[in-house]
Q: 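A single structure is presented below for examination.
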Amino acid sequence: KFKTTKAKSVVFGFLPILTWLPSYPLKQYLFGDIVSGISTGVMQLPQGLAYAMLAAVPPVFGLYSSFYPVLLYTFFGTSKHISIGTFAVISLMIGGVAVREAPDSMFAVNGTNASQVVDFEARDARRVEVVVALTTLVGIIQFVLGLLRFGFLAIYLTEPLVRGFTTAAAVHVSVSQIKYLLGVHTARFNGPLSVVYSLDAVFRNIASTNVVTLIIGLVCTVFLYFIKDLNERFKKKLPIPIPGEIIVVIVSTGISYGMVMSENYGVEVVGNIPTGLLPPKIPDFSVFPNLFPDAFAIAVVGFSIAISLAKTFALKHGYSVDGNQELIALGLCNFVSSFFHTFAVTASMSRSLVQESTGGHTEIAGLLASLLVLLVVVAIGFVFQPLPTTVLAAIIMVNLLGMFRQMKDIPALWRTSKIELVSVRGTSFGCVHHIYLTSYYLSKMNTFNYISFLHIFLFKPSTKYSPKNALLGQIPDTGLYFDVDEYEEAEECSGIKIFQSNTSIYFANSDLYVSALKAKLGVTREVVAGAKKQKDHVYTNGQMTENHAESESEDDFFLQRLTPIHTIVLDFTPVNFIDSVGAKTIKSVNILCWCCAGTLLSDLRTLKFFCEPVTPDLIFPTIHDAVLHCKHSRDVPVCPDVQ
């Protein structure tokens, strides 16, 4: 029986779809998932074409990358709301590798008058081989890291750090698209100061700007910005966002075809898009040694972006995601899909927001989006051949506005946490000058260095993040409180749980703090019967966790206890530091009373911690004061199950 239960746990953990699909509520979820899937799929199409340009491969490979990985994530992913597929940052990193391994100079042939021209067909074919091999390696690395339970790496990828990196990447991507917007032809640069070299090349060739291309690009940029602003202003009134991207793609394709812009005005267009799917092909394993450092960097960055978005939506909608299973899911998406000519993918912020805001409830929305892309690839892909590339550049640049808006964080971080401000700006500055910094340093490592690197990350959490967690009880007839496991005289107060952990609360351990809190309060694995409080077992990556009705948040469920707990008190007196990430995480849990020292209280005020539902009147100087308040207050919330 134990072996059967263990095998079931492993299977359900590896295929999370088995935990939710059998009980999928058709009436409540299907319509929302259909609307969300169509809306997201409409965005997948132009973004797939556009981000293929960043990856230095023909546009059709962006459509392949918008189908296969999205389909696979439905079966293996744990997030209900993220949209897997092409993403600007990852595509840019991939393109840098492709250009390095297959530069134009390798395919130069003698032209007329002793000039040299490039065999673009041979170059693109080789770049596709490199990109596919790179994607295979990325998938292998992510899958292995997931099996080794390296999902904890997410705790090192703080929100400020990810914001700093993506802001810097947005600068690189924007600069790389200027030449397409102007219609000038320049080389693609990689490595340190590539932004400077790219701008220099564009300004040197500015006189050759194609005016028609520039006009088309500017008109599309203004239109897309207007539509994006309109969607943001009226998001509560619009049933679904206005699909500005697909509108400009369809209209500009029609105008380009009707006016034969490619021939009459020299406007660069997408070109050949073969109809149907290509047969599977084994990647070129011979290039693996050259690609491993880049693959490792892309694997880590891709995971960091996906898990950051996944955790954000999970926190908002009251469910949990498994970092280890997300690594496995991304690894399988990239590895399996690479045999079908795709490039590495991750979650997209803009598409994920659309998928969530248009009513998406489960991974079914992503599945429907992938089927919409498949329909286009199989039936009408050739229609987009006259599409001007300047339109794709406009789509990319407008989609980066959200990343540039992260610059608004600077004043807030200056007021609340200068340390995190240094983290954000330092990451941005470093990455702007060298977006491939991680790859560069990893490329200098030998095998021993890699083993040492993994050893540090493998053992660091077990030694650094193992604080003492305790439930406190009162010594009778005193105001003293001690660990109930260590002191027999200490008695827990009826209906009140007092939790203490002797650790600072910051980005690297904030989730662990909440997990320890829940463990100490004894979250059961039983089935709670009730009309809307049904709780089912869910297996995530071999570990059994709980799932509950969507009608309640995780925090609300957390307080629905079988034991008569009406108040939770957090003892913050041993805590000497908390950052913004820790404050946000702690605030997401429904704690009813707090006890903290004066210095920490000052930090919490600086972090703008005290706003609904947490107010200063819930803070007490000692545990005993908090307990007395809880015992005598008539306004203490009581869980429905214990009334």
Side-chain angles (χ1 to χ4, degrees), residues 16-17 20 29 32-52 54-55 62-91 162 166 228 231 235 240-246 301-317 319 321 325-326 329-330 332-334 337 342-377 395-396 398-403:
I17 190 174
W20 58 265
Y29 285 1
D33 281 341
I34 290 175
V35 173
S36 176
I38 294 174
S39 302
T40 309
V42 166
M43 286 187 69
Q44 286 267 24
L45 291 169
Q47 289 189 7
L49 294 168
Y51 294 152
L54 290 176
L63 296 180
Y64 299 153
S65 302
S66 300
F67 167 62
Y68 291 107
V70 184
L71 179 67
L72 288 169
Y73 186 82
T74 304
F75 297 90
F76 299 104
T78 62
S79 175
K80 305 175 188 297
H81 296 94
I82 63 172
S83 172
I84 293 295
T86 57
F87 185 61
V89 175
I90 299 298
S91 299
V162 173
T166 53
K228 186 175 284 288
N231 286 333
K235 60 183 177 182
I240 60 172
I242 302 172
E245 294 173 345
I246 199 67
V301 172
F303 169 66
S304 71
I305 293 170
I307 196 65
S308 296
L309 283 172
K311 289 170 67 177
T312 299
F313 287 114
L315 184 64
K316 179 179 179 181
H317 292 276
Y319 63 92
V321 291
Q325 182 59 29
E326 284 300 296
L330 282 174
L332 288 172
C333 288
N334 285 318
S337 301
T342 66
F343 54 85
V345 298
T346 186
S348 163
M349 184 183 301
S350 59
R351 292 197 308 272
S352 297
L353 289 171
V354 168
Q355 182 168 315
E356 185 252 0
S357 64
T358 52
H361 297 287
T362 66
E363 292 90 331
I364 293 294
L367 172 65
L368 295 175
S370 70
L371 295 180
L372 180 61
V373 174
L374 175 64
L375 177 65
V376 171
V377 172
I395 291 173
I396 292 173
V398 173
N399 273 307
L400 295 175
L401 289 176
M403 297 185 187

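Everything numeric here is computed off the predicted structure, so don't read it as measured data.
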Q: My understanding is that only residues two or more places apart in sequence, or in another chain, count here; which of them pass ring-ring contact (aromatic ring centres under 6.0 Å, His included) with F76?
A: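 Here the qualifying residues are F14.
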
Q: Which atom names give the shortest non-hydrogen contact between Q47 and S350, and what distance separates them?
A: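 Smallest heavy-atom distance, with atoms named: NE2-OG, 3.3 Å.
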
Q: Output the distance between atom CG (L371) and atom CG (L374), rounded to the nearest 0.5 Å.
A: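 Nearest 0.5 Å value for the CG-CG distance: 6.5 Å.
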
Q: Side chain to side chain donor-acceptor pair (under 3.5 Å) with E363: which residues, sequence neighbours excluded?
A: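 Testing E363 for side chain to side chain donor-acceptor pair (under 3.5 Å), a comparison that skips the adjacent residues, returns none.
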
Q: For residues S83 and M43, determine if any side-chain heavy atom of one lies less than 4.5 Å from a side-chain heavy atom of the other.
A: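 No, every pair of side-chain atoms sits at 4.5 Å or beyond.
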
Q: Could you tell me which non-hydrogen atom of S91 sits nearest to which non-hydrogen atom of F343, and how far apart they are?
A: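 Looking at all heavy atoms of both residues, the closest pair is OG-CE1, 3.7 Å.
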
Q: For a side-chain contact (heavy atoms from CB on, under 4.5 Å) with R351, tell me which candidate from T86, V42, I84, L309 qualifies.
A: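 Passing option: T86.
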
Q: Quick one: list whatever passes ring-ring contact (aromatic ring centres under 6.0 Å, His included) with Y68, sequence neighbours left out.
A: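 Checked Y68 against ring-ring contact (aromatic ring centres under 6.0 Å, His included); matches are F340.
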
Q: Between H317 and K80, is any pair of side-chain heavy atoms under 4.5 Å apart?
A: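 Not in contact.
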
Q: Between I395 and P46, what is the shortest heavy-atom contact and its length?
A: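 So the minimum-distance heavy-atom pair works out to CD1-CB, 3.7 Å.
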
Q: Set out, in order, the CA-CA distance, both residues' side-chain angles and the distance that settles side-chain contact (heavy atoms from CB on, under 4.5 Å) for L71 and L367, then state yes or no.
A: CA-CA 5 Å; L71 179 67; L367 172 65; 3.2 Å; yes

Q: Compare every heavy atom of S337 with every heavy atom of P69, then report the nearest pair and how far apart it is.
A: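 Closest approach of P69 to S337: N-OG, 3.3 Å.
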
Q: What pairs with Y51 under side chain to side chain donor-acceptor pair (under 3.5 Å), at least two apart in sequence or on another chain?
A: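 Here no residue qualifies.
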
Q: Taking all heavy atoms of A347 and all of A306, pick out the closest pair and write down the distance.
A: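 For A347 and A306, the tightest heavy-atom pair comes out as CB-CA, 3.8 Å.
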
Q: Can you check whether K235 reaches S357 side chain to side chain, under 4.5 Å on heavy atoms?
A: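 Side chain of K235 against side chain of S357, heavy atoms only: no contact under 4.5 Å found.
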
Q: side-chain contact (heavy atoms from CB on, under 4.5 Å) for Y73 and I82? Distances and angles first, verdict last.
A: CA-CA 10 Å; Y73 186 82; I82 63 172; 3.3 Å; yes

Q: Considering only heavy atoms from C-beta outward, does the side chain of I90 approach that of V345 to under 4.5 Å?
A: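 No - every pair of side-chain heavy atoms lies 4.5 Å or more apart.
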
Q: Evaluate F67 against V376 for side-chain contact (heavy atoms from CB on, under 4.5 Å), listing each step before the verdict.
A: CA-CA 10 Å; F67 167 62; V376 171; over 6 Å; no

Q: Decide side-chain contact (heavy atoms from CB on, under 4.5 Å) for Q44 and L372; before the verdict, give the C-alpha distance in whole Å, the side-chain angles of both, and the deciding distance to 0.1 Å.
A: CA-CA 9 Å; Q44 286 267 24; L372 180 61; over 6 Å; no

Q: T346 and G302: which non-hydrogen atoms are nearest, and at how many Å?
A: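 Smallest heavy-atom distance, with atoms named: OG1-O, 2.6 Å.
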
Q: Side-chain contact, heavy-atom cut-off 4.5 Å: V70 with V373?
A: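 No - every pair of side-chain heavy atoms lies 4.5 Å or more apart.
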
Q: Could you state the interatomic distance from CD (E356) to NE2 (H361), rounded to the nearest 0.5 Å?
A: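 NE2 of H361 is found 10.5 Å from CD of E356.
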
Q: Just to verify, what does T342 make a side chain to side chain donor-acceptor pair (under 3.5 Å) with, not counting sequence neighbours?
A: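 Here no residue qualifies.
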
Q: Side chains of Y319 and F313, heavy atoms from C-beta outward: is any pair under 4.5 Å?
A: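 Yes, at least one pair of side-chain atoms sits under 4.5 Å.
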
Q: Do any N or O atoms from the side chain of S36 and from the backbone of D33 form a donor-acceptor pair under 3.5 angstrom?
A: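 No: the side chain of S36 does not pair with the backbone of D33.
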
Q: Rounded to the nearest 0.5 Å, what's the gap from CG on L49 to CG on L63? Could you check?
A: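 Going from the CG atom of L49 to the CG atom of L63 covers 4.5 Å.
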
Q: Can you pull the salt bridge (Lys or Arg N to Asp or Glu O under 4.0 Å) pairs that have at least one residue in residues 62-76, sequence neighbours excluded?
A: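 Output for this query is empty, none listed.
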
Q: Atom CZ of F75 and atom SG of C333: how far apart are they, to the nearest 0.5 Å?
A: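 Reported value, rounded in 0.5 Å steps: 10.5 Å.
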
Q: Would you check if T362 and Y29 make a side-chain contact, meaning some heavy-atom pair closer than 4.5 Å?
A: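 Yes, side chains in contact.
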
Q: Once rounded to the nearest 0.5 Å, what's the spacing between atom OG1 of T40 and atom CG of L45?
A: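 Result: 11.0 Å between the selected atoms.
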
Q: I38 versus L368: any side-chain heavy-atom pair under 4.5 Å?
A: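 The answer is no; the side chains never approach within 4.5 Å.
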
